[in-house]
Amino acid sequence: MKISEEIAETLRDEIIAGVYKPRQRLIEEELSDRFFVSRTPIREALKELESAGLITIEPYKGAFVADKNPSELRDIYELRSVLEGFTTELAAPFVTADTINQMQQAIEGMEICIAADDKVGFAAENGRFHDLILEQCPNRAAVKMVNNLLEQTSSFRWLSWRTAASMKNSMVGHRKILEAIRSGDAEAAGQYAARHIRLYLKERLADSLRER
């Protein structure tokens, strides 16, 4: 992996975890000092993040974490709740015992991150949990749509777990999804996945946006 790709991956995880907030400027000189590299790989990394929709680069001003208006975000989260319920229900019959074990490990990883107040780690384990489900979904067009929506809201996911309490609340949905999949109830798994987005993410997102 190129150094610019490693830097982009690190910044991506930090943006998702809320280390960098929407509209915050990413200063090339500071990033160059932080990663002990010249500005060339920093610029390459920022271009990669721009292509992913995580930042915007404004001429003569610099790079800024992407921002979206509240109405647009609500629309996206409503669509996510429908699509992720659909993909989870389709995926459930194909989830193997090994995948269930990996999902359990992701949940345990999130618990450890909550105790350590590690939002970057929590974001990574949360993504791992949901990716394990999406990997089993046979409708790849729907999976592609979900991933596209996730990319569009990457810089705002931190709103869903700003505190240890909010991270703990999100665990309720994770456990219910896993329990339904483990018991073979695909319909319930889909319903819990949709509810997880709608209740544990969307409503908390709305509260957070009002505080911005």
With side chains defined as the heavy atoms from C-beta onward, is the minimum distance between [X] and [Y] less than 4.5 Å?
X: I100; Y: Q104; value: no
X: R80; Y: L150; value: yes
X: K119; Y: V19; value: no
X: L49; Y: R12; value: yes
X: H174; Y: H130; value: yes
X: F35; Y: L11; value: yes
X: L54; Y: E48; value: no
X: I181; Y: M103; value: yes

**Prompt:** Quick one: does T88's side chain have a donor or acceptor within less than 3.5 Å of a partner on G85's backbone?
**Reply:** no
Applying a strict under-4.5 Å side-chain criterion to I, L, V, M, F, W and Y, I'd like to know whether [X] and [Y] cluster together.
X: F86; Y: V82; value: no
X: V95; Y: L90; value: no
X: I112; Y: V120; value: no

Distance-minimising heavy-atom pair for [X] and [Y]:
X: A194; Y: S81; result: CB-O, 3.2 Å
X: S4; Y: A45; result: O-CB, 3.4 Å
X: F64; Y: R23; result: CD2-O, 3.5 Å
X: C113; Y: F122; result: SG-N, 3.5 Å
X: I55; Y: L46; result: CD1-O, 3.2 Å
X: R39; Y: E29; result: NH2-CB, 3.3 Å

**Asked** Got a salt bridge between E125 and R128, using NZ or NE/NH1/NH2 to carboxylate O under 4.0 Å?
**Response** yes
**Message:** For the CD atom on E58, are there more than 12 heavy atoms of other groups (residues, nucleotides or ligands in this structure) within a distance under 6.0 Å?
**Reply:** yes
**Prompt:** More than 12 heavy atoms of other residues, nucleotides or ligands under 6.0 Å from CE of M171: is that the case?
**Reply:** yes
**Request:** Could you give me the CA-CA distance, side-chain angles and deciding distance for D75 and E72, then say whether side-chain contact (heavy atoms from CB on, under 4.5 Å) is met?
**Result:** CA-CA 5 Å; D75 288 347; E72 187 177 8; 5.6 Å; no
Mind checking the [atom1]-[atom2] spacing from [X] to [Y]? Nearest 0.5 Å is all I need.
X: I177; Y: Y192; atom1: CD1; atom2: OH; result: 10.0 Å
X: I27; Y: R34; atom1: CD1; atom2: CZ; result: 13.0 Å
X: T87; Y: E135; atom1: OG1; atom2: CD; result: 12.5 Å
X: L26; Y: E50; atom1: CG; atom2: CD; result: 11.5 Å
X: E44; Y: S38; atom1: CD; atom2: OG; result: 8.5 Å
X: F129; Y: L178; atom1: CZ; atom2: CG; result: 5.5 Å

**Request:** Step by step, work out the side-chain contact (heavy atoms from CB on, under 4.5 Å) result for I7 and I3.
**Result:** CA-CA 6 Å; I7 293 170; I3 184 64; 4.0 Å; yes
**Item:** L83 and L149: CA distance, side-chain angles, deciding distance, side-chain contact (heavy atoms from CB on, under 4.5 Å) verdict
**Value:** CA-CA 10 Å; L83 282 174; L149 292 174; 3.7 Å; yes
**Request:** With side-chain contact (heavy atoms from CB on, under 4.5 Å) as the test, would you mind laying out the steps for I133 and E84 before giving the verdict?
**Result:** CA-CA 10 Å; I133 297 173; E84 293 196 39; over 6 Å; no
**Message:** salt bridge (Lys or Arg N to Asp or Glu O under 4.0 Å) for R182 and E179? Distances and angles first, verdict last.
**Reply:** CA-CA 5 Å; R182 184 181 277 129; E179 288 169 8; over 6 Å; no
**Request:** Examine the side chains of Q105 and N101 and answer whether a donor and an acceptor come within less than 3.5 Å of each other.
**Result:** no
